[in-house]
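Working notes for the structure below.
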Amino acid sequence: MATDRRHAAQGLELAYARVSTTKQSLERQLDALGAAGIADERIYVDKKSGTTVERPGLTDLLAYARPGDTIVVYTLDRLGRNLREVLNLVHDLNEKNIGVRSLADPLPINTADEGMGRIAFLLLALFAEMECTFTTERAAHARAVAEAAGRRIGRPVAHSDDKIECAKLLKEQGGSLGQIAAKTGIPKTSLHRYLQA
């Protein structure tokens with residue numbers, strides 16, 4: 001997609017779609033972008049995690065976009081790895097007179113709209129930041145309650161303390177990893193970790 005490199009004199013609507021893995025489908029995003037009137041040749045795509053900075057589709061889109069254009073996405077989270085990155089990107093695009101419009105966010109965003117579109121974007125950013133803070137606080141509270149009740153925090157224990165102690169004793173007696181694994185039922189890869197600790 002996005003093979004036509006001609007740029008109209010007036011602003012264009014360009015689009016960006018992203019999924020995190022090659023196994024996921026872009027179909028829902030592409031259908032929505034097509035229904036919004038964006039031609040296939042103006043849709044840039046990536047099948048990569050938002051956590052990687054190497055997103056050639058987004059890089060090509062940003063290199064091609066010109067003042068007066070609008071970048072359309074299904075939802076704002078398709079643009080970046082986290083809220084801060086999305087906000088920075090939208091701010092940078094705004095400085096270049098390039099708008100951003102989302103189709104399916106709870107508050108549809110259109111930064112080219114001087115009034116309500118910008119207010120909606122700021123509200124969405126505020127709500128996302130608040131939710132991140134609340135989530136962190138809830139997780140910290142849940143950990144504190146669990147620790148106070150004497151419950152273990154984190155992943156469940158794969159092997160009991162008794163088995164690990166037995167493995168350490170067998171190691172002290174000169175047993176090989178293969179022998180210890182056979183007697184305790186703990187895989188060699190895990191034994192390595194337990195015995196080093």
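What you see below is based on every heavy atom in this structure, not just the backbone, and it leaves out hydrogens, waters and symmetry mates.
Ring-plane geometry between Tyr194 and His159 is classed as perpendicular, the angle between the planes exceeding 60 degrees on a 0 to 90 degree scale with a lower cut at 30.
Between Leu191 and Ala181, the closest heavy-atom pair is CD1-N, 3.5 Å. The shortest heavy-atom contact between Tyr64 and Asp69 is O-OD2, 4.4 Å.
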Step by step, work out the side chain to side chain contact (heavy atoms under 4.5 Å, CB included) result for Val72 and Leu103. CA-CA 7 Å; Val72 183; Leu103 302 175; 3.8 Å; yes
Verify side chain to side chain contact (heavy atoms under 4.5 Å, CB included) between Leu76 and Leu79, making sure each step is shown before the conclusion. CA-CA 6 Å; Leu76 282 180; Leu79 282 174; 4.2 Å; yes
Take Leu62 and Ile71 through the side chain to side chain contact (heavy atoms under 4.5 Å, CB included) test and state the conclusion after the steps. CA-CA 9 Å; Leu62 296 177; Ile71 295 173; 4.1 Å; yes
If you apply the rule side chain to side chain contact (heavy atoms under 4.5 Å, CB included), what do you find for Ile186 with Ile180, and how did you get there? CA-CA 8 Å; Ile186 301 175; Ile180 298 170; over 6 Å; no
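Under the 3.5 Å distance criterion, the side-chain polar atoms of Gln24 are matched with a main-chain donor or acceptor of Ser20. Judged purely by atom type and a 3.5 angstrom limit, Asn110 has no side-chain atom pairing as donor or acceptor with the backbone of Arg101. A distance-only check finds no donor-acceptor pair linking the side chain of Gln29 to the backbone of Leu26 [under 3.5 Å]. With hydrogens and angles disregarded, a donor-acceptor distance shorter than 3.5 Å links the side chain of Arg18 to the backbone of Arg78. Between the side chain of Thr184 and the backbone N or O of Lys163, no donor-acceptor pair lies under 3.5 Å. For the pair Arg66 (side chain) and Leu12 (backbone), a donor-acceptor distance under 3.5 Å is absent. A donor-acceptor pair is defined here as one N or O able to donate and one able to accept, closer than 3.5 Å; no such pair exists between the side chain of Arg151 and the backbone of Val145.
Residue pairs satisfying the salt bridge (charged side-chain N to carboxylate O under 4.0 Å, His left out) criterion with at least one member in residues 88-98, sequence neighbours excluded, are absent.
Residues satisfying the side-chain hydrogen bond (donor to acceptor under 3.5 Å, both in side chains) criterion with Glu147, sequence neighbours excluded, are absent altogether. With sequence neighbours excluded, the residues that form a salt bridge (Lys or Arg N to Asp or Glu O under 4.0 Å) with Arg138 are Glu131.
With hydrophobic clusters built from ILVMFWY side chains whose heavy atoms lie under 4.5 angstrom apart, Tyr74 does not share a cluster with Val45.
Put simply, CZ on Arg55 and CG on Asp60 are 12.5 Å apart, with the number rounded to the nearest 0.5 Å. Interatomic distance, CG of Leu89 versus NE2 of His91, reported as 11.0 Å (0.5 Å rounding). Taking OG1 of Thr136 as the reference point, atom NE2 of His141 lies at 14.5 Å (rounded to 0.5 Å). Here Leu33 contributes atom CG and Tyr16 contributes atom OH; the two are 12.0 Å apart, rounded to the nearest 0.5 Å. Once rounded to the nearest 0.5 Å, the distance linking CG of Leu87 with CD of Glu85 reads 10.5 Å.
Side-chain contact check for Thr75 versus Ser102: every heavy-atom pair is 4.5 Å or farther apart.
Of the N and O atoms on the side chains of Asp162 and Ser160, not one donor lies less than 3.5 Å from an acceptor on the other residue.
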